[in-house]
Number of protein chains: 2
Amino acid sequence: MGLFSKSLVAASSKPLILGILQEGTSYGYRIIQRVKEISNGQIEWSDGMLYPVLHRLEKEVLIESKWMQSEEGRHRKYYSITEAGKEALHVEKAHWTNMNNVMQNLWDLNPSTSNN
Amino acid sequence: MGLFSKSLVAASSKPLILGILQEGTSYGYRIIQRVKEISNGQIEWSDGMLYPVLHRLEKEVLIESKWMQSEEGRHRKYYSITEAGKEALHVEKAHWTNMNNVMQNLWDLNPSTSNN
DNA sequence: ACTTTTACATAGATTATCAATGTATATAAT
DNA sequence: ATTATATACATTGATAATCTATGTAAAAGT
């Protein structure tokens with residue numbers, strides 16, 4: 001479906017969601033739009049993919065939810081990041097950055113020269 | 001066990017292995033050592049984790065193997081990257097770099113200030 | 001002789017997305 | 001009014017992928 005491989009989506013979903021909720025409280029549908037925004041349209045999550053992840057993160061107490069009525073009268077489940085979630089985001093950032101450094105090191109050692 | 005999450009390991013194993021084989025022909029045991037080297041000891045793969053991945057990549061014809069006798073007389077299965085594998089590595093690099101840019105963008109928007 | 005390291009393989013458990021489907025409300029268009 | 005579209009959340013079933021544990025075996029070091 002998307003541009004990215006399943007495993008890359010899996011590895012990025014947790015830090016992305018936590019990062020977005022660090023910006024402030026949000027809800028499922030809005031998170032999907034925000035992911036599309038910050039990726040310049042590259043990442044298009046489906047709702048069937050997102051909600052199970054949100055439920056998992058809530059079970060891990062990294063985020064918490066509250067049903068609320070918006071001004072327009074819409075019934076929405078608003079998520080916010082917990083203290084544990086902030087710490088987890090910190091750790092996720094570090095892991096991601098470390099792994100990225102390893103990759104870049106390896107690739108710099110043998111830069112691909114051909115254009116295929 | 002390892003420092004990194006399962007999903008991050010999953011997302012990185014393919015480009016790491018392809019990148020290492022781009023350096024030249026190698027074999028299972030040696031690849032595990034190489035991964036530890038280039039990660040400064042951060043990534044320690046188990047053999048039970050690596051071999052299924054090698055088999056999968058071979059099935060996808062991104063790498064190919066040949067049983068060979070080393071000078072010491074050791075019986076080893078040597079893997080090398082295929083043309084399709086080189087192309088796949090190219091794509092993997094691009095995807096990884098794109099995803100990394102998305103992450104860095106998001107994180108730069110809300111830098112974590114606290115020290116926990 | 002014995003232990004450690006090297007070397008490959010697989011079965012079973014666990015974990016995770018993803019596509020498909022269902023429900024429901026609000027808004028815009030006809 | 002009626003229809004269509006966008007908004008909004010949820011779950012089931014299929015699929016895929018690692019990880020632990022276990023097995024086999026040869027070479028090298030002690």
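Every chain is numbered from 1, with letters handed out A, B, ... down the list of sequences.
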Q: Indicate the ring-plane relationship of H75(B) and W67(B), choosing parallel, tilted or perpendicular according to the 30° and 60° boundaries.
A: parallel

Taking OP1 and OP2 of [N], is either one under 4.0 Å from a side-chain nitrogen or oxygen of [X]?
X: K14(A); N: dA16(C); answer: no
X: Y29(A); N: dC9(D); answer: no
X: H75(B); N: dA25(D); answer: no

Interatomic distance where [atom1] belongs to [X] and [atom2] belongs to [N] [whole Å]:
X: R30(B); N: dT6(C); atom1: CZ; atom2: P; result: 11 Å
X: Y27(A); N: dT7(D); atom1: OH; atom2: P; result: 9 Å
X: M49(A); N: dC18(C); atom1: CE; atom2: C1'; result: 9 Å
X: W67(B); N: dA26(D); atom1: CH2; atom2: C1'; result: 12 Å
X: Y51(A); N: dT23(C); atom1: OH; atom2: P; result: 17 Å
X: Y78(A); N: dT7(D); atom1: OH; atom2: P; result: 14 Å
X: L50(B); N: dT6(C); atom1: CG; atom2: P; result: 15 Å
X: L57(B); N: dA9(C); atom1: CG; atom2: P; result: 14 Å

Taking the side chain of [X] as its heavy atoms from C-beta onward, which of [options] lies nearest to it?
X: S13(B); options: dT18(D), dC9(D), dA9(C); value: dT18(D)
X: H55(A); options: dA6(D), dT18(D), dT11(D); value: dT11(D)
X: A10(A); options: dT17(C), dA9(C), dT18(D); value: dT17(C)

Q: Can you see which heavy atom on I31(B) is nearest to which on S26(B), and at what distance?
A: CG1-OG, 3.7 Å

Q: Between R76(B) and V9(A), just flag the one whose closest nucleotide in DNA chain C comes earlier from the 5' side.
A: R76(B)

Q) Can you find a donor-acceptor N/O pair under 3.5 angstrom joining the side chain of R74(B) to the base of dT6(C)? A) yes

(Q) Is it true that E58(B) and S65(B) share a donor-acceptor pair across their side chains at a distance under 3.5 Å? (A) yes

Q. Say you draw a straight line from CD of Q33(A) to CH2 of W45(A); how long is it, rounded to the nearest 0.5 Å?
A. 13.5 Å

Q) Between P52(B) and G48(A), who's closer to the 5' end of DNA chain D by nearest nucleotide? A) G48(A)

Q: For E87(B) and A84(B), indicate whether the former's side chain and the latter's backbone hold a donor-acceptor pair under 3.5 Å.
A: no

